[in-house]
Every structure is written in structure tokens, then in C-alpha cells.
Amino acid sequence: MEAQEKDELKQLWDRLAVTPKLVWDKVDQTERGAIFAYADHYKTFLDRAKTEREAVHEIVRQAQALGFVDLTGKVPGPRGFYNYKGKSLALVVQGKQPLSAGLRLVASHIDSPRLDLKPYPLYEDTDLAFLKTHYYGGIKKYQWLARPLAIHGVVLKADGATVELKVGEDPADPVFTVLDLLPHLARKAQMDKKVTDAFEGEKLNVLVGSLPVGDTETKERFKLHFLKLLEERYGITEEDFISAEVEVVPAGPARDLGWDRSLVGAYGQDDRACAYASLAAILDVQEPEHTCVALFYDKEETGSDGNTSAKACILEEIVELLLERQGENPQGRRRVLLASRAISADVTGGIDPDFPEVHEKRNANRLGYGVGVHKYGGSGGKYSTSDANAEYVAWLRRVFQENGVIWQAGELGKVDEGGGGTIAKYLASHGLEIIDCGTPLLSMHSPFEVASKADLYMTFKAYRAFFGF
Ligand code: MN
Ligand code: MN
């Protein structure tokens, strides 16, 4: 082949075919610096927001520092927040256009898989004190054994007083753990079984002590010691755990991962990778065309049921509030929602080179290739998903193109391999345009999820572009 012909074919290829873009190949030194700086702020956020309540607290703190006011209060302002029960939240930046022109919504979730305490968690066995748990969300149970765990949560006393717990994060704190069986004796109890049978939810008991009070005459003295310590430190009793939300999560901070520090390893990146990106994006928005809303939902990991979830009527209420605050008829909320454009901001699974067989490689997301856009999710013939309209996807491509966002399209896994849903379908029930767009992760739903700093930053850049377009 002539050199000229070769050249023409290359040009033809570049013009017609899609070439995936590795973020690191495309960004200049300035943006490379921005990627690493962004990741540092992100890690701090992860450390402060290990539960949905902590996430709401931290997001409100950052928003208030930048002049966001409570939308249910009397103080007017173009930047506001709506805090629903301390577990779901919206940040709003008023646009130049009327609300009837539609909102720009980025909706993420701030709950993550974990172990929740049962109503009567405390017991002792074989002179050890334990807490019983009921796992929350889709976990692989064996991943929670034999690792340091922290206890986060709230305990409500009958008089309404709230006690906040956070033990196991400070290096001076004790940690907790779920025991695992020694391999020497595990053959029948674990090794010969299917993984789903080998690790039982009922055995996810958290070891919390081994020091008794009193003497051999004392009733349940290991359990009693734990209760005594709780009373001394927090003034709570065993019954108070019934009115509590106490979550057992992996102990320790988010970390740089890799010798080159190009990755972040941490618990709870599903979905705080996207929650933080939408926070950083909306905090950065100034006088947008359309009113921008960042929504942070609870209870996504258990199917978006419950009054703090994406299925609850929080969004309708926010739109009515905004209409009222602008002197418009709150009845117009349906029209506002129908005209709105949204991003379902949730993470997706990247290709794990040890398990390529679960992905269809042409349509799977790769770490380092930017934020992942999924037109649809679901499973078994596109069930249980919202399939974004082609017109909307085309519009989003333009948003990204004009703002230098590096992104990749894809699906979660092979057809009929499994699948998963996001909150897209619940928000789609309002008739708004919506598409899934978020950071690809490795080891998703594990106690140590992995993300590329390049993709984390491109997720922020995508949401920022979307808000401003
Ligand atoms: Mn998620
Ligand atoms: Mn998830």
C-alpha cells in the first residue's frame, strides 16, 4: 500500500470510527493537576461521609459555607438547600429562565452497603460480647469478615435526645470485627459449600468485647460490661438500640491506590463518587440558565423504598417550594418536571481483567476512559430501567463535546449475565428526560472500592457542564 493511501485510510478511520480516549493521554499538565487536587478533596469527603446522615451533614456544611440557605425558611436567596429528615437532600441554584423552562437535575444516592444493627443487637457467647447485624444492600458476605470495622450512627432515646456514635475512625479508637473461621477447620463449614451457602447473614456478628464486670456470680457479665461502658459514655441503654440507626462500616480513611497514586481505594464510593461530583459541580455553578438541582437520595441500595428514597415525593415538594418562593402557582410542578433534564448519577462496573467473561468488551466501561454513560440499565431484556431517548443522548453528547468532557458509553455487563438498576426509572416516572452517567468502579459494593482519579474528575466535569449548559 502506498503511503498516501495509508494516510487516507487513517483519516477515514479517524473520521468514521469511535476511538476510546484514555483521559491521561488527553489532558494537559494543568488538568492533570486538577485531577489529583480534586481527588484529595474527594477523599476528605468520603472520610466525613460514611453514612447517609453524615453525607447530608457534610454537604449542608459545605453548601452553607457558600451561602446556601434553607429553602423551607424565610430567608430569600438564589442558592438553597432542602434537608429531608437528615437523610436525603437537595441543593438548588436558581436559574435565569423561569422554572417552566425545566430544571437541570443531577440525582445521586448517599447510602452504601453495610451491616446495620438489629433492634436487640447485644449478646454474649463463650465469654465474648457481640452485636447482631442485618446486612443492608447487596454485599458479598465473606468480604466483611476478618477486617477492622467502625460503628457509625444515631441512637434516639425515648425523650427524643439524639446520641451520635462514631467509633473506629480515629487512630486512637478501638475497632470491631466479624470473625472468620481458621482454614484448618473450615473444610466442611465453608470450603466444600457454594459461596452463597458458606457465609451466612446470621453469622455476621460483630465482636465488641471480652472483658467482664463483677465476678462469676454476675449475670451475663460480658454483655453487662458493654452496656455499662455505653451508659458511662453516651447515657444509653439496651432498649435505646430499638430506636436507632447504627451502621457497621469498614474502618479507616480513603486511600490513594497504586504506586503512581492514580486511583482511589475506599469504602462507599458507590455512590459518593457521583454524590461528591454533583456537590462540587453545583457549588461551582453561578447564575445558570436553568435552575439546577443536585439531589442526594437515601435507600437506593435497598430498592429506593422508604420515605427518604427516590420513590418518595421529595422532588415534587421541592419543585412546589421553588414555585411558591418565586410567586408562582405550585400546581405547575408537573409541567416543570416534564420540561426537566436529568442525570441519574450513579457508579457503574468497570472491566476487571480477571473476570472479562462477565462483560461484553465492546460495550463495557474501562477505568481511565472517563465518565460512563449508560442509555439504559436493567436486566433480562431491558426490564426495570429507563431507556433514555435518543434525542436526549444526542443533546448530552453535545454538552460533553463542547465542554471537553471525556466519556464512554456502555452497558453494565453481558446480556443476561445479571444486571442492576438505578434511580433513573423512578425519576423518569415524572416524565423528565434522564440518563445514567457516573464513575466506573472496580470491586463495586466491596468494603474497598476502586476508582480512577481521571474518571472521578471527568464525572465532576460532566455534571458541571450539564448544569451550565
Ligand atoms: Mn449506586
Ligand atoms: Mn450500589
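Both ligands and their constituent atoms are indexed starting at 1 by order of listing. Residues take their numbers from the sequence shown, with the count starting at 1.
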- [ ] Check the pair T385, K425 against side-chain contact (heavy atoms from CB on, under 4.5 Å), reporting the backbone distance first and the verdict last.
- [x] CA-CA 5 Å; T385 186; K425 60 180 172 178; 5.7 Å; no

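Taking the six-membered ring for Trp and thresholds of 30 and 60 degrees, F199 and Y142 have ring planes inclined between 30 and 60 degrees apart. Ring pair Y42/Y38 is parallel by interplanar angle, where below 30° counts as parallel and above 60° as perpendicular.
Taking backbone and side chain together, H109 holds an N, O or S atom under 2.8 Å from the Mn ion (ligand 1). Taking backbone and side chain together, D346 holds an N, O or S atom under 2.8 Å from the Mn ion (ligand 1).
Rounding to 10°, one obtains 100° for the angle at the Mn ion (ligand 2) between OE2 (E301) and NE2 (H445).
Distances from the Mn ion (ligand 1) to the N/O/S atoms of D270 are shortest for OD1.
In this structure the side chain of V373 never reaches within 4.5 angstrom of the side chain of D436, judged on heavy atoms.
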